Asker: 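Sending over a structure as structure tokens; questions will come in a sec.
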Number of protein chains: 2
Amino acid sequence: MAARISTQKKILNAAEMLFSRDGFEQTSLRQITQEAGVNLASVNYHFGSKKALIQAVMARYLVIFMPVLEEQLQQAEQQSELKTEELFKRFKIPLAKLTEVNKQGPDIFLRLLGFAYSEIQGHLRKYTQQEFGGVLQHLLALLKRANPHLDEQQMFWRLHFILGAAVFAQVSGQALIEIAQSEFNEKVEAQDVIDQLIPFVSGGLEEA
Amino acid sequence: MAARISTQKKILNAAEMLFSRDGFEQTSLRQITQEAGVNLASVNYHFGSKKALIQAVMARYLVIFMPVLEEQLQQAEQQSELKTEELFKRFKIPLAKLTEVNKQGPDIFLRLLGFAYSEIQGHLRKYTQQEFGGVLQHLLALLKRANPHLDEQQMFWRLHFILGAAVFAQVSGQALIEIAQSEFNEKVEAQDVIDQLIPFVSGGLEEA
DNA sequence: AATTAGATTAAACGCATGTTTAAATCATGC
DNA sequence: GCATGATTTAAACATGCGTTTAATCTAATT
């Protein structure tokens with residue numbers, strides 16, 4: 001009755017909690033295995049290396065998130081008029097789906113994504129590009145259609161600014177939420193941050 | 001004739017180059033002292049610790065940047081109409097002043113700033129807040145005046161999104177510039193990135 | 001020229017990391 | 001119920017880090 005969850009799952013659960021709280025580099029395998037209640041060596045036994053573990057943690061979310069996002073993009077594509085803000089709003093559906101993995105899945109995934117890009121995780125970028133590059137290119141094509149007034153260079157940079165704003169909001173997220181809470185005396189949820197983010201990035205992208 | 005530059009300056013120069021390229025945590029004192037051509041122990045002799053060295057590297061730029069920014073804000077304040085984009089454009093003057101420290105000063109400073117926020121450099125945030133908090137509060141007040149349609153919460157989040165976009169653009173800067181170059185077949189300077197950034201953040205901030 | 005305070009040096013310290021080893025334990029199929 | 005392969009375990013390994021030590025060198029002062 002002690003161990004109903006496999007060692008792999010125990011490691012993944014502990015790792016995603018710590019990774020999303022402190023970042024990949026800041027989290028040691030000793031922390032993870034202690035939190036998971038398993039032996040230190042079992043990470044390398046089951047996953048091969050820390051890098052592979054990081055990838056496995058991300059994959060658990062990406063394989064759910066990406067197909068649902070692609071589905072949303074295809075729906076959007078069939079509409080006559082393509083509005084920027086509506087495109088971004090469609091991210092909320094694949095995000096919500098992540099509760100299947102974990103009740104806090106959406107928050108965790110966004111923070112992991114943030115760390116993946118703010119720390120230099122070359123192997124993660126490569127992995128994402130290889131596995132889900134098509135979805136991201138699809139998104140880019142639709143954003144171009146919604147903003148025909150922007151040239152290639154403007155679009156390129158603004159997309160990266162958007163990524164930066166989103167990533168930063170998540171990585172600094174918990175600290176910021178706490179500041180916001182003490183400043184405004186009301187409860188702030190991670191969901192609220194996205195609702196704040198969407199009009200900002202839409203406005204920034206559309207700007208002439 | 002061998003050593004015309006003091007050991008301190010040699011360390012600062014090597015450190016800022018490596019810090020701005022790879023980040024604070026990713027750069028070891030052994031790398032820095034080797035690059036500077038000085039002994040490993042001299043960092044701790046002259047600066048006391050790695051943390052203090054990081055602070056010294058930042059300070060060299062901040063003591064120039066911040067007063068000139070404050071000067072610009074005061075000029076802006078005297079104008080009848082306060083436009084968001086014009087406020088952000090005024091950042092270009094204090095930035096340009098940083099060529100006094102180093103020909104590449106503006107680029108280096110922005111990248112350092114990016115790492116300072118994306119890595120968890122609590123002591124740096126505290127230092128900046130203590131030494132230059134007044135200037136930043138001044139900026140906030142002017143942005144509020146230029147955007148009276150935004151409430152406190154919107155302003156709070158959008159400022160952090162802006163910070164994220166700026167920081168991310170700098171930290172991922174070199175990699176992004178290289179991608180942009182290969183994609184558009186034209187030379188991209190760090191200055192161009194700022195010119196791209198200003199309309200984006202202005203549009204995002206002003207959005208209803 | 002001797003003294004002395006400051007600067008530089010090579011070496012070691014203590015600690016934390018990811019990884020590997022080899023033995024012990026467990027579980028499963030015959 | 002035993003043999004076998006998969007898993008778990010404690011311990012050690014190799015490496016890199018920031019920091020400290022104590023000896024040596026340098027240069028200015030008396």
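This one's a predicted model, so the numbers in the text were calculated from it and none came from an experiment. Throughout, protein chains are lettered first and strands after them, A, B, ... in sequence-line order, and every chain is numbered starting at 1.
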Asker: Does C:dA7 have OP1 or OP2 sitting under 4.0 Å from an N or O in the side chain of B:Asn39?
Answerer: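 B:Asn39 to C:dA7 OP1/OP2: no side-chain N or O under 4.0 Å.
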
Asker: Counting side-chain heavy atoms from C-beta on, which of D:dC17, C:dT20, D:dT8 comes nearest to A:Tyr45?
Answerer: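 Of the options given, the side chain of A:Tyr45 lies nearest D:dT8.
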
Asker: To the nearest angstrom, how far is A:Asn44 atom CG from D:dA14 atom P?
Answerer: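 From A:Asn44 CG to D:dA14 P: 16 Å.
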
Asker: Tell me the interatomic distance from B:Ile5, atom CD1, to C:dT8, atom P, rounded to whole angstroms.
Answerer: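 Rounding to the nearest Å, CD1 of B:Ile5 and P of C:dT8 are 13 Å apart.
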
Asker: Under 4.5 Å between any side-chain heavy atoms of A:Trp157 and B:Val193, yes or no?
Answerer: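 With C-beta onward as the side chain, the pair touches.
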
Asker: Can you see if the side chain of A:Ser28 gets near the phosphate of C:dT17 - specifically, an N or O under 4.0 Å from OP1 or OP2?
Answerer: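 Checking A:Ser28 against C:dT17: at least one side-chain N or O falls below 4.0 Å of OP1 or OP2.
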
Asker: ring-ring contact (aromatic ring centres under 6.0 Å, His included) with B:Phe65: which residues, sequence neighbours excluded?
Answerer: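 With neighbours one apart ignored, the set is B:Phe109.
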
Asker: Are B:His160 and B:Phe156 an aromatic pair by the rule of ring centers under 6.0 Å?
Answerer: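 Here the rings of B:Phe156 and B:His160 have centres that are less than 6.0 Å from each other.
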
Asker: Measure NE2/B:His46 against C1'/C:dT9 and give the value in whole Å, please.
Answerer: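 Taking atom C1' of C:dT9 as the reference, NE2 of B:His46 is at 12 Å.
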
Asker: When you compare the side chain of A:Leu69 with that of A:Phe132, does any pair of heavy atoms fall below 4.5 Å?
Answerer: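 In short, these two side chains do not touch, never coming nearer than 4.5 Å.
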
Asker: For A:Leu29 and D:dT8, give me the distance from atom CG to atom P, rounded to whole Å.
Answerer: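 Distance check: A:Leu29 CG to D:dT8 P gives 16 Å.
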
Asker: Starting at atom CD of B:Gln34, determine the distance to atom P of D:dC17, rounded to an integer number of angstrom.
Answerer: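 Distance check: B:Gln34 CD to D:dC17 P gives 11 Å.
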
Asker: What is the distance, to the nearest angstrom, from the NZ atom on A:Lys50 to the P atom on C:dT20?
Answerer: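 That distance rounds to 15 Å.
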
Asker: Calculate the interatomic distance between A:Ile32 atom CD1 and C:dT19 atom P; express it in whole Å.
Answerer: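 In whole Å, C:dT19 P lies 11 Å from A:Ile32 CD1.
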
Asker: Can you tell me if the side-chain N/O atoms of B:Thr7 get under 4.0 Å from OP1 or OP2 in C:dT8?
Answerer: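 Answer is yes, contact under 4.0 Å.
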
Asker: Remember a base hit wins even if backbone is also touched, and classify A:Thr27 as base, sugar-phosphate or nothing at under 4.0 Å, heavy atoms.
Answerer: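 The residue A:Thr27 makes sugar-phosphate contact but no base contact.
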
Asker: Strictly below 4.0 Å, N to O, side chains only: are B:Glu207 and B:Arg158 in salt-bridge contact?
Answerer: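 Answer for the salt bridge query: no.
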
Asker: Using only heavy-atom distances, decide whether a donor-acceptor pair under 3.5 angstrom links the side-chain of A:Arg30 to the base of C:dG18.
Answerer: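 When only heavy-atom distances are counted, A:Arg30 does reach the base of C:dG18 through a donor-acceptor pair under 3.5 Å.
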
Asker: Can you check the B:Phe19 CZ to D:dG18 C1' distance for me, whole Å?
Answerer: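 Rounding to the nearest Å, CZ of B:Phe19 and C1' of D:dG18 are 12 Å apart.
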
Asker: How do A:Gln31 and A:Gly48 order along DNA chain C: which one's closest nucleotide is nearer the 5' end?
Answerer: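 Its nearest nucleotide lies further toward 5', so the answer is A:Gln31.
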
